[in-house]
Amino acid sequence: MTKNYTRDYWESVLSDIKPEGRHFINGTHRAASSGETFTRIRPMDGKPGAQLARGNAADVDAAVASARAAFESGVWRKKEPLEKKKIMLKWADLIRAHGDELAMLETIDVGKPVMASLGVDVRLCAEGIQFYGEMIDKMYDEIAPTGPNARALVRKVPLGVIGAITPWNYPMIIDAWKLGPAIAAGNSVVLKPAEQSSLSAIRLAELAIEAGLPAGVFNVVTGYGEETGKPLALHMDVDMIAFTGSTEVGKLIMGYAAQSNVKRVALELGGKSPLVVFEDADLDAAAVAAAWGCFYNSGETCHASTRLIVQRSVQDQLIAKIQAVTNSDIALKHPLDPAAQIGALIEEEHMNKVLAMIAAGEKEGARRAFGAERVLSETGGYYVSPGVFVDMTNDMSLARQEIFGPVLAAIPFDTEEEALKIANDTIYGLAGAVFTKDMDRAHRFSEEIHAGTVWINTYDMSNFATPFGGFKQSGFGRDRSVHAIDKYCDYKTIWQQFA
Ligand code: NAD
């Protein structure tokens, strides 16, 4: 029987839920060693949410020691592949079975519509764990060519202890992008979720234990970036940091790796992705893609299509269509309202930053077509309506900075050459798209956009089989797909010489 997801239903889930806010180390909850906690404010209504352990270097040490002990004992990495697979698949099933609860935890923390948390975030988190679970008993090693008197095995071995540091915009999905391949490869993990979004991570760790993952293989330490993320990235017994977050912090992570033990790093960073529309394109399809590509998750998406590079002759027509799609399809409502398509921004401070960037953009001459204003302030939450600025040039701040709010910058162009120049004129290289009916141009153009993913006549379509990540200052290393396993492993040669 399908459930009736009404506002009342979600209100009752909210009133019943008792979020756990302590670290999860070696299979059990643990308060911060300092005894300190911090309070998360709910973005949907500005009310206090959960109390969380305020981690520090001592807590990180304990979590890393637990992860190291689990790795060295072989309790996970030496388990039969079939057994490991069963545990990962059970974990994915448990995530689905606890979907409503996980969705609510995510919404309490980040303010996205609970139906989106359930239908997108929980679903993709479970899919991620399942995808890598299914790979476990299908990975082969190699035998290298040698002369007849030797045999050289080329083994793909886990690195050891992985530190995962994740952001708040899609917490559960991005956690699964790290946890799935890292754990499937046989590593142990210490996850440091963003201080804004720790609840789902703690619950995922509890469910992992319930599924049979041995204690210590997956640990969670909550707290602030400087106080927990930094000691994790500087730790001498961590073999790799898998980081998703801002380019600014990504640069610090590289520095910490260099200052400590030359640990590996993989960085998924920011973006300012171009969506290029030629005058021959299907403008209705382009409008839908541009609106959802930029405004989904209230614009708090690393690969959001925040720069609309549009042939001048169709700019006005396209903007009118984008406004119509936004008004009719992208309902900004309280996150517990099942009809909400987008919800709150992450924090009051972030909302104020977004509004300040908008104001600065207008001062520079950006012309507002619609939206981009604070709304629903009576809820006590932090909401900004989707908005578009037009007739912009690519040197304006709204076209250059990652706003991480629902703000689209429309930049007109006249020639294909100019469009490509504008598209690539950014420090980022995460994603991009081209809309045209001319397939020769579509392929020529998509080859030349310097980004990890380029869509033709669509936006933000993907599945687990496709790698995700960036070029330039959007980082390096790829999440998703079978290739993601590679960064959590390395090759080891075992050479046997015959007598
Ligand atoms: P952020 O960089 O502020 O924080 C990310 C994580 O790093 C958090 O867990 C935070 O606590 C931690 N951190 C902060 N300072 C640290 C330090 N000095 N040492 C170690 N860890 C530290 O990013 P955010 O605000 O949480 O997320 C938004 C950013 O993430 C945007 O720039 C967005 O584009 C990016 N992002 C990228 C992707 C991608 O796949 N490329 C996906 C989602 C988000």
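Numbers here simply count residues along the sequence, with the first being 1. Start at 1 and go down the list; that is how both ligands and their atoms are numbered.
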Those atoms of ligand 1 less than 4.0 Å from some heavy atom in [X]:
X	value
Glu226	18 (N)
Leu252	18 (N)
Lys230	19 (N), 20 (C)
Pro193	9 (O)
Glu195	10 (C), 11 (O)
Ala194	8 (C), 9 (O)
Thr244	5 (C), 36 (N), 37 (C), 38 (C), 39 (C), 40 (O), 42 (C), 43 (C), 44 (C)

With no hydrogens and no angle check, do the side chains of [X] and [Y] hold a donor and an acceptor under 3.5 Å apart?
X	Y	result
Tyr383	Ser298	no
Thr244	Lys178	yes
Gln51	Thr37	yes
Asp61	His235	yes

If you measure from the Lys or Arg side-chain nitrogens to the Asp or Glu carboxylate oxygens, is any gap between [X] and [Y] under 4.0 Å?
X	Y	value
Arg40	Glu347	yes
Asp239	Arg68	yes
Arg54	Glu227	yes
Lys156	Asp486	yes

With nothing but distance in play, are any N or O atoms of [X] less than 3.5 Å from an N or O of ligand 1?
X	answer
Tyr224	no
Trp177	no
Thr247	no
Gln196	no

Evaluating non-hydrogen atoms only, which member of [options] is closest to [atom]?
atom	options	result
atom 28 (C) of ligand 1	Phe404, Tyr428, Phe468	Phe404
atom 15 (N) of ligand 1	Thr166, Leu430, Val249, Ile174	Val249
atom 35 (C) of ligand 1	Gly245, Gly452, Gly270, Ser474	Gly245

Which atoms form the tightest heavy-atom contact between [X] and [Y], and what is the distance?
X	Y	result
Asp109	Ile346	O-CD1, 4.0 Å
Met392	Ala409	SD-CB, 3.7 Å
Val221	Ala63	CG2-CB, 3.4 Å
Phe24	Ala205	CD2-CB, 3.4 Å

What's the shortest distance from [atom] to any protein heavy atom, and which residue and atom give it?
atom	value
atom 21 (N) of ligand 1	Gly229 CA, 3.6 Å
atom 44 (C) of ligand 1	Asn169 ND2, 3.2 Å
atom 41 (N) of ligand 1	Leu269 O, 2.7 Å
atom 38 (C) of ligand 1	Cys302 SG, 3.0 Å
atom 25 (O) of ligand 1	Trp168 NE1, 2.9 Å
atom 12 (C) of ligand 1	Ile165 CG2, 3.7 Å
atom 23 (O) of ligand 1	Ser246 N, 3.5 Å
atom 14 (C) of ligand 1	Gly225 CA, 3.6 Å

Open item on the list: Take a 6.0 Å sphere around NZ of Lys472 and say whether it holds more than 12 heavy atoms from other residues, nucleotides or ligands.
Closed with: yes

Open item on the list: I'd like to know whether CD of Glu447 has more than 12 heavy-atom contacts from other residues, nucleotides or ligands below 6.0 angstrom.
Closed with: no

TODO: Consider ligand 1: state whether an atom of it lies below 4.0 angstrom from any non-hydrogen atom of Gly250.
DONE: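 Gly250: no contact with ligand 1 (<4.0 Å).
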
Task: Heavy-atom gap Tyr256 to ligand 1 smaller than 4.0 Å - done: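 Distance cut 4.0 Å: Tyr256 passes for ligand 1.
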
Open item on the list: Is atom 2 (O) of ligand 1 touching the protein, meaning some protein heavy atom lies under 4.0 Å away?
Closed with: yes

Task: Whether Trp168 side chain and Val110 backbone form a donor-acceptor pair below 3.5 Å - done: no

TODO: Check Ile253 against ligand 1 and report side chain, backbone, both or neither, counting heavy atoms closer than 4.0 Å.
DONE: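 It is the side chain that gets close, since no backbone atom is under 4.0 Å.
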
Open item on the list: Residue-level breakdown please: for Glu402 versus ligand 1, do any non-hydrogen atoms fall below 4.0 Å on the side chain, on the backbone, on both, or on neither?
Closed with: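 It is the side chain that touches ligand 1; the backbone stays farther off.
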
Open item on the list: Between Trp91 and Leu179, is there a side-chain heavy-atom distance shorter than 4.5 Å?
Closed with: yes

